[in-house]
Amino acid sequence: MASGNSFYITTPIFYVNDAPHIGHAYTEVAADVVARWHRQAGDDTWSLTGTDEHGEKILRTATANGTTPKKWADKLVTEAWKPLLETINIANDDFIRTTDERHESSVQLFLQRLYDDGYIYSGEYEALYCVGCEEFKPQSEIVNGTGPFEGQKVCAIHSKPLELLKEKNYFFRMSDFTERLLALYEERPDFVQPESARNEVIQFVRQGLSDLSISRSSFDWGVKVPWDDSHVVYVWFDALLNYITAVGYGQDESNFDRRWPATHIVGKDILRFHAVIWPAMLMAAGLEVPKQVFGHGWLLVGGEKMSKSKLTGIAPTEITDTFGSDAFRYYFLRAIAFGQDGSFSWEDLSARYQAELANGFGNLASRVIAMVTKYFDGVVPAPAEYTDVDLAIQAVVQKAAEDADRSINALAIHDALASIWTIVDELNGYITDSEPWALAKDPANAARLGTVLYTALDGLRALAVLLSPVLPQATDKLWEALGAAATLGALVDQPLREAGRFEQLPEGSTVSALQALFPRIEPAVA
RNA sequence: GGCAGGGUAGCUCAGUUGGUGAGAGCGCACGACUCAUAAUCGUGAGGUCGCGGGUUCGAAUCCCGCUCCUGCUACCA
C-alpha cells in the first residue's frame, strides 16, 4: 500500500501530569487527519504520539500520591492519555513513552555522541532559587519584591526573596548554532510555519543564543547522563529526542532512514523548543533537521486562552459524549484556520453540527439514498446522457479533490474542508434544481432520473472518500450504505488522490438503509 | 519598554499589487419545493470597514498620530 513518499508526522508528547483537555485533542486530531490523508493517498506514512514522563514535577506528584514516578506515569498513561486517543479516534502508528527502554538508551547514545564531539561541557548553572518551591525559578515567575522585600527579587508564588544558588550542570553549546539556524530559516521558509510563527522564531534567534543547561542533579527522575550518573537529562532535551528514538535512531538505522525527517505539529507555546533547540541538537549530532515545524494557535474560550486555572479547560469527552468523535474532529478543523487562534463556543459547535453535518452532509446522504431506494429499489442506476448541470457537478468534485489535496499538503486543513464542502453544497442545490421526485412521476423520464441519481450517488462516493480522514465513522456508515464496500472494497483502501474522478461507483450495486449520519441533537440535551 | 499581529454586518471570519454600489458562512425575514434528519433551494434586510488627520481623481486597502486587544521578549512540558 505504501508506495510513495515517506511522510512522518508527530504530535508533541503529552506531559502526563496534565489533565487532557480539548487543546491536546485539537493537536492530536489535526495531526491524525493529515496522517490519515497521506496514508490513504498511498504515502509511506508514520504518525507518532506519546507521553513525556520525566522531570521533577512528576516525581513530586508521584511522591505526594504515595507511589513511584513510574507507577504514577503508568497510571496516567493508562487512565488518561491512551483513553484520550480513543475518545477522538486517533489512528496513530506508534505511541512512545520517554520511559521506554528504546527511548532512554537512544537518548544516552545521542548525548554521548554530542559529548564525545565536544558539544557538551561541564559548567555552573547560577540562578535564583525559591526555598518554598524547592526549585530554580524561570524568569516568568520572578517578580520585584514589595514592602519589606523592596528591591529584592521574590518568587511570584511565595512572594519571598529568592536565593542565588549555583549548581554544576552540563551545558549544550547551542550558541554555536545561531548562524546556522538563521541560515536554515532563510533558506527554507517553510521550515517554520505559519509565517507569524516563523517571524517570532527568527526574531528570537537574532538576539543570539546562549548555551543550554541540559542536566539536573537535584533529583533523579530522568535519563541518566551516561558519563555521570549523578545527573539526569533536562526534560526538554529528553523529550524532544522522542521524535527520533521512536523510529529507530541508534537502533534500527534502516527504519530511521526510511522515516526521518518528520513534520512536527506543535502548539505555538512550545514552538521555540521545536524550531530552535531541536534543530540545533540535530545539527550537533550530524542529523537532518525536521522537514517542518508547524505551530498552531490557541483555542480561545470566551475570548481568552483556554486554561485549567481559569476553569475554561474542557474535557474532550464533554463534547464527544453529546456530539460524537467525528463532530469533534470536524468542528475544530473546520471552524479554525489552522495556525491561527480560534474561538470555541458551544453555540458555534452546536450550530455547525446542525447546519453543516446534520442538515448539509447527513441529510444529503439521506435524501439521495432514500430516493434510490424508492425509485430504483435500491439498485444504483446507470447514468445516461450527461447534461451541462451534471458535468458541472463532476467538475466541482474534481476541483474540490485537487484543491483539498493541495491544501492538506500545505497543512491548510480548514481550506481542505472548505473545498470538500463545496461538493455538499453544490450537490444539495443540484438535487433541488433537478427535482428527481418530479421526474419520478413520469416513466418517460427514467433515463434522466437515473442520471441525476447516479451523479448524486457518485458525488456521495467521492465525499465518503475525501472525508474519511476527518469523519471516519460517518463515512464508513455511508460507504456501507452505498454498497461500495461490497464492490470497491474497504473505504480506507480507496486512493484519496483519485477520489475526484467520476463514475467510480459501479452501477448495479445495491444501496441499503442509512441511519442518520449526524442525528439532530435536541437543544435541551446540549 | 522593544518587536510582531490584529480591531470589517448580531456571531465567526475573507478581503490580492488602492478603483464597478464592501463579501462569505451562521443567525434573522420572506418566498419556492417536498426526495430527505421540520431537512433543501431562492430572495432580502443589516456594516460610521477602531478613532482623528493626510496623500490621491479615488482608500477597508498607502502615510502620521491616538486608542484597544493578543503574542514574543529563553531554559515551565
Side-chain angles (χ1 to χ4, degrees), chain A residues 12-18 51-58 98 125 127 133 135-141 169 171-172 174 195-197 199-214 216 234-240 266-273 276-277 297-298 300 303-305 334-337 340-345 347-348 350-352 354-375 414 418 421 425 427-440 449 452-453 456 514-521:
Chain A
I13 49 178
F14 308 113
Y15 197 63
V16 289
N17 253 13
D18 288 344
T51 44
D52 181 7
E53 309 181 9
H54 289 135
E56 192 170 13
K57 284 189 183 175
I58 287 164
T98 55
Y125 180 67
C133 299
E135 65 188 6
F136 288 101
K137 305 307 293 182
Q139 207 64 43
S140 59
E141 290 179 33
N169 273 183
F171 284 81
F172 168 51
M174 193 160 70
E195 205 60 30
S196 54
N199 291 338
E200 290 195 353
V201 167
I202 290 174
Q203 179 210 346
F204 173 75
V205 176
R206 276 191 183 142
Q207 296 171 4
L209 298 173
S210 45
D211 292 342
L212 184 71
S213 160
I214 57 158
R216 299 293 129 96
Y234 168 52
V235 279
W236 260 114
F237 206 85
D238 166 8
L240 287 164
V266 301
K268 66 181 184 183
D269 51 331
I270 54 174
L271 187 70
R272 185 177 313 132
F273 294 94
V276 180
I277 299 176
W298 302 121
L300 306 177
E304 291 189 352
K305 181 192 165 195
R334 175 66 195 270
I336 299 168
Q340 293 180 20
D341 292 350
S343 307
F344 167 83
S345 72
E347 291 73 18
D348 191 40
S350 189
R352 284 185 182 272
Q354 198 71 274
E356 296 168 15
L357 293 175
N359 299 347
F361 179 47
N363 182 57
L364 171 65
S366 179
R367 65 196 298 213
V368 171
I369 286 175
M371 284 191 280
V372 173
T373 302
K374 185 178 290 189
Y375 304 143
H414 55 292
W421 227 256
D425 293 335
L427 230 34
N428 268 324
Y430 166 78
I431 290 167
T432 300
D433 291 345
S434 302
E435 301 188 308
W437 49 90
L439 294 172
L449 177 61
V452 170
L453 289 183
L514 177 68
Q515 48 180 313
L517 259 23
F518 299 96
R520 292 182 65 80
I521 290 168

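Just so it is clear: chains get the letters A, B, ... in the order the sequence lines come, proteins before strands, and each one is counted from 1. Here the structure is a predicted model, which means the values were calculated and not measured.
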Give one of base, sugar-phosphate or nothing for [X], where a contact means two heavy atoms less than 4.0 Å apart.
X      : result
A:L209 : base
A:N199 : nothing
A:S196 : nothing
A:A239 : nothing

Side chains of A:I58 and A:Y15 in contact at under 4.5 Å (non-hydrogen atoms): yes

Side-chain heavy atoms of A:K268 within contact of A:D341, under 4.5 Å: yes

Taking the side chain of [X] as its heavy atoms from C-beta onward, which of [options] lies nearest to it?
X      : options             : result
A:N359 : B:C76, B:A36, B:U40 : B:U40
A:E356 : B:C75, B:G25, B:G71 : B:G25
A:R272 : B:A36, B:C72, B:A39 : B:C72
A:K57  : B:C75, B:U37, B:C76 : B:C76
A:N363 : B:C75, B:A39, B:G2  : B:A39

Distance below 4.0 Å between A:Q354 side-chain N/O and B:G25 OP1 or OP2: no

Base partner of B:G65, which must satisfy Watson-Crick or wobble distances under 3.5 Å: B:C51

N/O donor-acceptor pair, side chain A:S210 with base B:A74, under 3.5 angstrom: yes

